[in-house]
Amino acid sequence: MRNLEKVLKKLNDLLVSNHELENIYQEAFKAIDDEELKSFFQEQSRVRKIYSEQLCLEIENLVGKSKFSEAVGRESYKVSMNFRNLIFLKDYSLLLKEVYRIKQSTISKYNTLLNELNLPLSVCKLLVEQRDGIQATMNTIKRSESLIAQNA
């Protein structure tokens, strides 16, 4: 039972992170002028919404209800403020680097949870799928940064 509580806490943390990132990406979508970046942030917001919904369903399957808390932690506040500053400065290169850093941090959270003992198979499959999707986006960002650097 204690392991289930630990897993649920980490799943809820991922749920909150995904929800907060969905909002940050939506905010970036609304504030950015560059059409390609607008499309990128809109898609990232949509993906995080789906991830949140999937995590919520897994939590409900484990305990019968989700315990979603919208408490904003220090980390999410810092991320949100960094995003707002970079959007205001219109420094899209640094903004993409910040997205990349966020995704690295998120993957670390997923990996930590995946290392838990006795993780239900359905949760494990979902986490691997979401983590790999985040990694694919990171690879795309890296390729984009390389192209930008070559053309500069």
Side-chain angles (χ1 to χ4, degrees), residues 6-60 66-116 119-152:
K6 190 175 178 182
V7 167
L8 286 171
K9 182 186 178 329
K10 289 181 180 182
L11 280 171
N12 275 309
D13 288 347
L14 278 179
L15 176 61
V16 169
S17 289
N18 277 297
H19 180 73
E20 290 171 352
L21 287 171
E22 174 192 345
N23 291 335
I24 289 169
Y25 291 147
Q26 190 64 33
E27 185 178 325
F29 164 74
K30 291 176 183 174
I32 289 178
D33 299 329
D34 182 276
E35 288 302 316
E36 194 171 328
L37 279 176
K38 281 181 87 70
S39 177
F40 172 78
F41 284 116
Q42 184 177 37
E43 176 64 12
Q44 291 307 299
S45 176
R46 186 190 68 76
V47 166
R48 291 305 176 131
K49 180 179 177 92
I50 291 169
Y51 286 3
S52 293
E53 291 168 352
Q54 292 171 332
L55 287 168
C56 198
L57 284 174
E58 282 301 324
I59 292 168
E60 288 174 359
S66 63
K67 189 180 89 176
F68 182 69
S69 164
E70 290 199 42
V72 178
R74 214 180 294 159
E75 179 185 340
S76 63
Y77 177 76
K78 180 181 171 188
V79 167
S80 181
M81 294 311 295
N82 282 347
F83 247 75
R84 284 187 183 108
N85 289 336
L86 293 172
I87 290 169
F88 176 74
L89 295 172
K90 296 188 186 272
D91 191 335
Y92 299 149
S93 177
L94 283 178
L95 188 61
L96 283 176
K97 287 179 182 175
E98 180 67 8
V99 170
Y100 189 86
R101 189 196 63 71
I102 290 167
K103 289 184 179 299
Q104 281 179 317
S105 174
T106 303
I107 284 177
S108 177
K109 288 180 185 179
Y110 274 85
N111 286 337
T112 298
L113 184 50
L114 283 165
N115 285 327
E116 287 295 324
L119 195 62
L121 184 59
S122 62
V123 172
C124 188
K125 285 180 179 180
L126 176 64
L127 295 175
V128 167
E129 180 183 311
Q130 289 184 0
R131 181 202 59 196
D132 291 351
I134 294 166
Q135 183 65 54
T137 304
M138 287 175 65
N139 295 340
T140 301
I141 291 170
K142 266 298 184 206
R143 281 193 304 274
S144 296
E145 284 181 339
S146 296
L147 290 174
I148 290 168
Q150 288 174 357
N151 292 331

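Between the SG atom of Cys56 and the NE2 atom of His19 there is a distance of 11.0 Å, given to the nearest 0.5 Å. Expressed to the nearest 0.5 Å, how far CG of Leu94 lies from CZ of Arg101 amounts to 12.0 Å. With values rounded to the nearest 0.5 angstrom, Tyr110 atom OH is found 8.5 Å from Ser17 atom OG. Put simply, CD1 on Ile141 and CD1 on Ile102 are 9.0 Å apart, with the number rounded to the nearest 0.5 Å. Remark: Ile32 CD1 to Glu27 CD distance equals 10.0 Å, nearest 0.5 Å. In this structure, the separation between OH on Tyr51 and CD on Gln44 is 8.0 Å, given to the nearest 0.5 Å.
Residues Cys124 and Leu114 have side chains in contact (heavy-atom distance under 4.5 Å, counting atoms from C-beta outward). Side-chain contact check for Thr106 versus Arg48: some heavy-atom pair is nearer than 4.5 Å. Side-chain contact between Phe40 and Leu96 is present, with heavy atoms from C-beta onward closer than 4.5 Å.
Remark: the Lys103 side chain and the Thr137 side chain contain no N/O donor-acceptor pair separated by less than 3.5 Å. Side-chain contact check for Gln135 and Asn139: at least one donor-acceptor pair (N or O, by modelled atom type) lies under 3.5 Å.
Remark: side-chain polar atoms of Ser45 are paired, donor with acceptor, to backbone N or O of Glu22 under 3.5 angstrom. At distances below 3.5 Å, not a single donor-acceptor pair connects side-chain atoms of Ser108 with backbone N or O atoms of Gln104.
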Show the numbers, then the answer: is there a side-chain contact (heavy atoms from CB on, under 4.5 Å) between Tyr25 and Val47? CA-CA 10 Å; Tyr25 291 147; Val47 166; over 6 Å; no
Under the side-chain contact (heavy atoms from CB on, under 4.5 Å) criterion, do Thr140 and Tyr100 qualify, and how do the steps go? CA-CA 10 Å; Thr140 301; Tyr100 189 86; over 6 Å; no
Could you walk me through whether Val128 and Arg131 pass the side-chain contact (heavy atoms from CB on, under 4.5 Å) check? CA-CA 5 Å; Val128 167; Arg131 181 202 59 196; 3.9 Å; yes
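Looking at Glu35 and Lys38, no side-chain N of the basic residue comes within less than 4.0 Å of a carboxylate O on the acidic one, giving no salt bridge. Using a 4.0 Å cut-off between charged nitrogen and carboxylate oxygen, Lys9 and Asp13 count as a salt-bridge pair. Salt bridge annotation for Arg46-Glu43: present, with a cationic side-chain nitrogen under 4.0 angstrom from a carboxylate oxygen.
Checking Leu14, Val16, Leu15 one by one against Asn12, the side-chain contact (heavy atoms from CB on, under 4.5 Å) holds for a single residue, Leu15.
Minimum heavy-atom separation, Asp34 to Tyr92: CB-CE1, 3.9 Å. Nearest heavy atoms, Ser52 versus Asn18: OG-CB, 3.3 Å. In terms of heavy atoms, Leu127 sits closest to Leu11 at CD2-CD2, 4.3 Å. In terms of heavy atoms, Phe29 sits closest to Gln42 at CD1-CB, 3.6 Å.
No more than 12 heavy atoms of other residues, nucleotides or ligands sit less than 6.0 Å from atom NZ of Lys49.
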